[in-house]
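In listed order, ligands and their atoms are each counted from 1. Computed from a predicted structure; not experimentally measured.
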Amino acid sequence: LCPSGVLSLCCRPPAWGRATRPPPSPLQPPGLPLAPCRSFSNNKIQVELDESSGVATMKFKSPPVNSLSLEFLTEFSISLEKLENNRACRGVIITSAVPKIFSSGLDITEMCGKSVEHYAEFWRAVQELWLRIYGSSMVTVAAVNGSSPAGGCLVALSCDYRIMAENPKFSIGLNEAQLGIVAPFWFKDTFVNVVGQRIAERSLQLGSLHPAPEALKLGLVDELVPEEKLMEKAAAVMAQWLALPDHARQLTKTMMRKAVLDRLVAHREEDIKNFITFVSKESIQKSLRMYMEMLKKRKS
Ligand code: CO8
């Protein structure tokens, strides 16, 4: 299976110059949008595409914490595929409609007490999503407007640029070790490619969640802005990236990301087997149950 966005791996021709638009009509009344805004929405994700700018905004809307359940992952991949296949779309801003939370990462209940078949389906969906975002030919900007642990952090790391709300209560990181589980090699590769070996090594071993100001210092996010300015800033960054010719930017992105993408594609089935073996262990199930209980206790 080949996700349509994976530049280097894909069978379809590259989407160079995907958004060639006619100039604005002189008959266009001032103040009206130059092109229609198209939106589509499913249970967990809402997408709005502004065809005049070629920029889509994708909002997670799965309260309470936007956890990446199988349903969420599937909707996310389908939404990305739709945008990827729409030549009017050149970039996507990914953000959350849930206050204070970007995404709480993989839905832990999907990894607890389920069948081997379910684990396989779930993990394939996690892989699929990552291949789509990391290999997207579109410009991807994460507007991180809340906490973003583990899988939530991976989504942000897989984008081309990360802007975070400058709220020290919001944290981001790959905290798998805190749950007694291990981030897979492609989570690690993505992290290393953003922050470098030393920071990734320490942060992964400690399962650190970095408050926004620290995340900026480490290079885990590219900039912090006041929350109310986040979308405006994301649009400005997007415009800067879209000012370049698509083909040059896309080929450069492929050059930077191909090896890491290829590695998962080559080992996909093995990675699924490893996940099933790991997550099915009673010791891991116990760790995950204890972690869920800790979350509930902390709440009360
Ligand atoms: N999955 C499922 N349920 C979750 C998750 C999650 N990731 N996160 C939170 N919830 C649930 C809580 O249990 C709680 O449920 P309930 O209302 O039934 O008690 C509800 O969501 C609300 O949670 P909180 O009350 O904690 O909400 P807060 O706003 O106070 O805090 C946080 C939000 C900061 C997101 C907090 O919930 C949190 O820290 N969650 C845990 C995040 C986390 O550690 N995620 C890691 C997931 S693992 C992953 O993504 C990668 C795994 C890689 C696989 C490795 C191979 C095995």
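For ligand 1, none of its N or O atoms has an N or O atom of S67 under 3.5 Å away. When only interatomic distances are considered, the shortest N/O to N/O separation between T109 and ligand 1 does not fall below 3.5 Å.
Minimum interatomic distance between I94 and C159 (heavy atoms only, all atoms of both residues): CD1-SG, 4.0 Å. Taking all atoms of both residues into account, the shortest heavy-atom contact from K61 to N43 is NZ-O, 3.5 Å. Closest approach of M138 to C89, counting heavy atoms only: SD-SG, 3.7 Å. For L224 against A165, the heavy-atom pair with the smallest separation is CD2-O, 4.5 Å.
With ligand atoms numbered from 1 in the order given, ligand 1 contributes 54 (C) to contacts under 4.0 Å with heavy atoms of W123. Remark: ligand 1 atoms within the under-4.0 Å shell around heavy atoms of G105 are 50 (O). With ligand atoms numbered from 1 in the order given, ligand 1 contributes 57 (C) to contacts under 4.0 Å with heavy atoms of F278. Less than 4.0 angstrom separates some heavy atom of V182 from each of these atoms of ligand 1: 55 (C), 56 (C). Counting the atoms of ligand 1 from 1 in the order shown, those under 4.0 Å from a heavy atom of R298 are 26 (O), 30 (O), 31 (O), 36 (C), 37 (O). The atoms of ligand 1 that sit less than 4.0 Å from any heavy atom of F275 are 56 (C), 57 (C). Atoms of ligand 1 lying under 4.0 Å from any heavy atom of L179, numbered from 1 in the order shown and given with element: 44 (O), 46 (C), 48 (S). With ligand atoms numbered from 1 in the order given, ligand 1 contributes 49 (C), 50 (O) to contacts under 4.0 Å with heavy atoms of G151.
For atom 29 (O) of ligand 1, the candidate residues are I101, V98, L106, I276; the nearest heavy-atom contact is made by I101. The closest heavy-atom contact to atom 45 (N) of ligand 1, among the options S104, C153, G173, P63, comes from S104. Checking L288, V126, I108 against atom 1 (N) of ligand 1, the nearest heavy atom belongs to I108.
In this structure, K82 is positioned above the aromatic face of F40, its NZ or CZ under 6.0 Å from the six-membered ring centre and within 45° of the axis.
Within the 4.0 Å heavy-atom shell around ligand 1 one does not find V279. Proximity of P149 to ligand 1 is established by a heavy-atom distance of less than 4.0 Å.
Interatomic distance, CD1 of I276 versus NZ of K114, reported as 14.5 Å (0.5 Å rounding). Going from atom OG of S96 over to atom CD1 of I45 covers 10.5 Å, rounded to the nearest 0.5 Å. Atoms CZ and OG, from F170 and S148 in turn, are 11.0 Å apart once rounded to the nearest 0.5 Å. We find the CG-CD1 distance between L157 and I172 to be 6.0 Å, quoted to the nearest 0.5 Å.
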Check the pair R289 / E293 against salt bridge (charged side-chain N to carboxylate O under 4.0 Å, His left out), numbers first and verdict last. CA-CA 6 Å; R289 282 195 302 268; E293 276 163 27; 5.7 Å; no
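For atom 51 (C) of ligand 1, the closest heavy atom belonging to the protein is E176 OE2, 3.1 Å. Summary of contacts: the protein heavy atom closest to atom 4 (C) of ligand 1 is V65 CG2, 4.1 Å. Counting protein heavy atoms only, atom 17 (O) of ligand 1 is closest to K299 NZ, 2.5 Å. In this structure, the protein non-hydrogen atom closest to atom 34 (C) of ligand 1 is S147 CB, 4.3 Å. The nearest protein atom to atom 20 (C) of ligand 1, hydrogens excluded, is given as P64 CG, 3.8 Å; this is a heavy-atom distance. The protein heavy atom nearest to atom 38 (C) of ligand 1 is L295 CD2, 3.8 Å. Closest to atom 44 (O) of ligand 1 among all protein heavy atoms lies Y291 OH, 2.7 Å. In terms of protein heavy atoms, atom 18 (O) of ligand 1 is closest to K296 NZ, 3.0 Å.
With a 4.0 Å cut-off on non-hydrogen atoms, I284 does not touch ligand 1 at all. Both the backbone and the side chain of D107 come within 4.0 Å of ligand 1, judged by heavy-atom distances. Only side-chain heavy atoms of M292 come within less than 4.0 Å of ligand 1; its backbone N, CA, C and O stay farther off. Counting heavy atoms under 4.0 Å from ligand 1, residue K100 does not touch it at all.
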Side-chain donor-acceptor contacts of residues 187-199 below 3.5 Å, not counting sequence neighbours, with atom names and distances?
from : atom 1 : to   : atom 2 : distance (Å)
D189 : OD1    : R263 : NH1    : 3.2
D189 : OD2    : R263 : NH1    : 2.8
T190 : OG1    : W130 : NE1    : 3.1
T190 : OG1    : W186 : O      : 2.6
N193 : ND2    : Y134 : OH     : 3.2

Show every donor-acceptor pair shorter than 3.5 Å between a side-chain atom in residues 200-213 and any protein atom, with sequence neighbours excluded, or say none if there are none.
from : atom 1 : to   : atom 2 : distance (Å)
S203 : OG     : H210 : NE2    : 2.8
H210 : ND1    : E214 : OE2    : 2.6

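Taking a 6.0 Å sphere around CE of M292, one finds it holds more than 12 heavy atoms contributed by other residues, nucleotides or ligands.
Taking a cutoff of 4.0 Å between a charged side-chain nitrogen and a carboxylate oxygen, K286 and E282 do not qualify as a salt bridge. Ion pair K100/E227 not flagged as a salt bridge, since none of the NZ, NE, NH1 or NH2 atoms sits closer than 4.0 Å to an Asp/Glu carboxylate oxygen. A salt bridge does not link D222 with K233: none of the charged nitrogens is closer than 4.0 Å to a carboxylate oxygen.
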